Amino acid sequence: MPSVWFELLATCPHTGARRGRLHTPHGMVETPAFMPVGTQGTVKTVGSEDLEALGFEQVLSNTYHLGLRPGSERIERLGGLHEFMSWKKSILTDSGGFQVMSLAQMLKIDDEGASFKSHLDGSLLHLTPERSIQIQGQLGVDISMALDQCPPYPASRDQVADAMRRTHLWAPRCLSARRQGQAVFGIVQGGVYEDLRVESASVICDLPFEGFAIGGVSVGEPTELQYPVVKYAAPLLPVNKVRYLMGVGHPKDILNAVSCGIDLFDCVLPTRMARHHALYTLNGRVNIMGKKWEEHNGPVDEGSVFPQTERYSAAYLRHLFKASEPLGARLASLHNLGFYARLMREIRESIVTQSWPELAERYRLA
RNA sequence: GGGGAGUUGCCCGAGUGGUCAAUGGGAACGGACUGUAAAUCCGUCGGCGGACGCCUACGAAGGUUCAAAUCCUUCACUCCCCA
């Protein structure tokens, strides 16, 4: 048995939704699942004990950022990333592929790899597929992502095809660079072009990865373009392996993708929105800085989510943000992560109880 | 009592004759954010009207000038120094 494997428990008869379990060295992840994003080994403003209390079973962290600071060798000497951030459950790391896009202006890329000029001090970080996998191995995470080239949106078909070709070139090199027992997920590229997605899936899914991801979405394309990609790309991935949609997304995007057969998600939205004073509720996103909350002496979201945040009034939360008190960002982060945790829990239940339409209706405004 | 500095839009603060409804900050109000260089970025911010514009504004009142936040006179208030 490989260190990471997927167990499909049920499939929704009406949609493509799947209920499953992702088994990792640091425990089981009930899917569909959402991973909070902890780029620098921390889900901003919340601690590992909070993530446990919220019920998350896997977090995402980042190869590029941790490789640069404090360095993967140091983290390895300190006992690995789990030990470093005192997180006992599963960790998946992004390979740095997203930074190939987001930090493109300080990057040189060729078939060999990507050379970053560090955003911290200008020093050079050479990220090859081998080095990316090596760093993730040193971090000791449960799941490493293959290094890919994630093209931005908009990008020409030629650029997308070129990024895909390079991603395919790198995929086998990632597999041969892994440590004994290191699980690696492959990434399908191809942008918004169906034929490229088909080609990419056939290449990537032919390789012995432990799981498969759809990359290159949620990079700025409109929803009307993202949904079709997920719809035709998800079924191209093996049924018996976990399917991960990278970087998604809004609650409605997650609902859509689950119904297309996606099992795993990550997104900065709940935590970033929280720091930008936006709170998720079943009635839509709320800007807690808004004047209307000035004297609202009750929680923003009645009947919400995380007891630790429900005790605080909207007026108080607004005040914390107005006064730039860090507690505001923290409470809002807990609130939003609580919202996402509940969303995923209800998604999992709905697949089993076959109450998908009711669920979709419940989150209609979210 | 004598000498000096000052009073600008919600606040701080530039501006010393026309290009000023007035630079910059902050506050306030609104918006964006999807594998995090993001507790960030963008917009509005005297009133009315679509733009052009008109009205009211730079302590108060008068004056000089084609033209004043800017120059002169008086008054009010604030701060500093010397007695």
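Lettering follows sequence order; numbering is per chain, from 1. What you are looking at is a predicted structure, and each value in this text was computed from that prediction instead of being measured.
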Taking the side chain from A/Thr271 and the backbone from A/Val268, do they hold a donor-acceptor pair closer than 3.5 Å?
yes
Do the side-chain N and O atoms of A/Tyr312 and A/His335 include a donor-acceptor pair separated by under 3.5 angstrom?
no
Verify, without hydrogens or angle tests, whether A/Asn62 (side chain) and A/Asp94 (backbone) share a donor-acceptor contact under 3.5 angstrom.
no
Separation of B/U36 C1' from A/Asn62 CG (nearest whole Å):
8 Å
State which of B/A28, B/G35, B/A38 makes the closest approach to the side chain of A/Asp148.
B/G35
Just name whichever nucleotide pairs with B/A37, Watson-Crick or G-U, keeping both distances under 3.5 Å, else none.
none
Just to confirm, is there a sub-4.0 Å distance from OP1 or OP2 of B/A37 to any side-chain nitrogen or oxygen of A/Ser102?
yes
Between C1' of B/A27 and CE of A/Met289, the distance in whole Å:
11 Å
Just to be sure I understand the rule, does A/Arg69 reach a base, reach only the sugar-phosphate, or reach nothing, if contact means heavy atoms closer than 4.0 Å?
nothing
B/C72 to B/A83 separation - C1' atoms, rounded to the nearest Å
31 Å
We want to know whether A/His126 and A/Ser115 form a side-chain donor-acceptor pair, criterion being a heavy-atom distance below 3.5 angstrom.
yes
Among the candidates B/G30, B/A37, B/U34, find the nucleotide nearest to the side-chain atoms of A/His119.
B/A37
To the nearest angstrom, the CD-P distance between A/Gln136 and B/G35 comes to 17 Å
Mate of B/G6 across any strand shown (Watson-Crick or G-U wobble, both atom pairs under 3.5 Å) is B/C77
Applying a 4.0 Å non-hydrogen cut-off, can you work out what A/Glu221 is touching in the nucleic acid: base, sugar-phosphate, or nothing?
nothing
Could you say whether A/Lys252 or A/Leu103 is positioned toward the 5' end of RNA chain B, judged by the nucleotide with the nearest heavy atom to each?
A/Lys252
Return the pairing partner of B/A69 with a 3.5 Å limit on both distances, Watson-Crick or G-U wobble; otherwise return none.
none
Can you see if the side chain of A/Lys322 gets near the phosphate of B/A28 - specifically, an N or O under 4.0 Å from OP1 or OP2?
yes
Pick the C1' atom in B/A69 and in B/C20, then give their distance to the nearest Å.
9 Å
Base, sugar-phosphate or nothing for A/Gly290? Non-hydrogen atoms, less than 4.0 Å.
sugar-phosphate
Describe the nucleic acid contact of A/Met145 in one word from base, sugar-phosphate, nothing, applying a heavy-atom distance below 4.0 Å.
nothing
Give me the distance, rounded to whole Å, that separates B/C10 from B/G59 when you measure between the P atoms they each carry.
13 Å
Span that lies between the P atom of B/A21 and that of B/A68, in whole angstrom:
12 Å
Atom CZ of A/Arg285 to atom C1' of B/G31: distance rounded to whole Å?
10 Å
Answer yes or no: is there an ion pair linking A/Arg318 with A/Glu325, defined by an N-O contact shorter than 4.0 Å?
no
Taking atom C1' in both B/A5 and B/G17, what distance in whole Å separates the two?
23 Å
Provide the distance between the two P atoms, one in B/A57 and one in B/G62, to the nearest whole Å.
12 Å
Could you tell me whether A/Leu92 contacts a base, only the sugar-phosphate backbone, or nothing, with contacts defined as non-hydrogen atoms closer than 4.0 Å?
nothing
Looking across every strand, which nucleic acid part, if any, lies under 4.0 Å from A/Gln99 by heavy atom: base, sugar-phosphate, or nothing?
sugar-phosphate
State whether the number of non-hydrogen atoms from other residues, nucleotides or ligands found under 6.0 Å of A/Lys252 atom NZ is greater than 12.
yes
Which nucleotide, if any, forms a Watson-Crick or G-U wobble pair with B/A22, using both distances under 3.5 Å?
none
Under a 3.5 Å limit for both distances, which nucleotide forms a Watson-Crick or G-U wobble pair with B/A57, could you say?
none
Give none if B/G1 has no partner; otherwise give the nucleotide forming a Watson-Crick or G-U wobble pair with it, both distances under 3.5 Å.
B/C82
Which is true for A/Leu60 with a 4.0 Å heavy-atom rule: it touches a base, it touches only sugar-phosphate, or it touches nothing?
sugar-phosphate
Would you call the rings of A/Phe34 and A/Tyr340 parallel, tilted or perpendicular, where under 30° means parallel and over 60° means perpendicular?
tilted
How many Å lie between CD on A/Glu294 and P on B/C29, as a whole number?
6 Å
Separation of A/Ile254 atom CD1 from B/G35 atom P, in whole Å?
11 Å
Atom-pair distance (CZ on A/Arg272; P on B/G35), nearest Å:
6 Å
Taking the side chain of A/His276 as heavy atoms from C-beta outward, which of B/A32, B/U34, B/G30 is closest to it?
B/A32
Between B/G35, B/C29, B/A37, which nucleotide gets closest to the side-chain atoms of A/Met106?
B/A37
B/U36 base stacked by A/His65? Criteria: ring centres under 5.5 Å, plane angle under 30°.
no
Spacing of A/His277 atom NE2 relative to B/C42 atom P, expressed in whole Å
14 Å
Please pick, from B/U36, B/G31, B/A37, the nucleotide with the shortest atom-to-atom distance to any side-chain atom of A/Asn287.
B/G31
Assign A/Met273 to base, sugar-phosphate, or nothing according to its heavy-atom contacts below 4.0 angstrom with the strands shown.
base
Selected nucleotide, minimal atom distance to A/Thr39 side chain, candidates B/A39, B/G35, B/U36
B/U36
Is there a Watson-Crick or G-U wobble partner for B/G50 with both distances under 3.5 Å, and if so, which one is it?
none
Return the nearest nucleotide to the side chain of A/Leu269; candidates are B/A32, B/U34, B/A37.
B/U34
Which part of the nucleic acid does A/Ser324 contact within heavy-atom distance under 4.0 Å: base, sugar-phosphate only, or nothing?
nothing
C1' gap between B/G43 and B/C80, integer Å
43 Å
Do other residues, nucleotides or ligands put more than 12 heavy atoms under 6.0 Å from A/Arg69 CZ?
no
B/A76 and B/A60: how far apart are their P atoms, nearest whole angstrom?
15 Å
Picking from B/U34, B/G35, B/U36, which would you name as closest to the side chain of A/Val248?
B/U34
Would A/Tyr64 and A/Phe116 count as a close aromatic pair, with their ring centres under 6.0 Å?
yes
Heavy atoms under 4.0 Å, any strand shown: does A/Asp266 hit a base, just sugar-phosphate, or nothing?
sugar-phosphate
Identify, between A/Ala329 and A/His250, the residue whose nearest nucleotide on RNA chain B lies closer to the 5' end.
A/His250
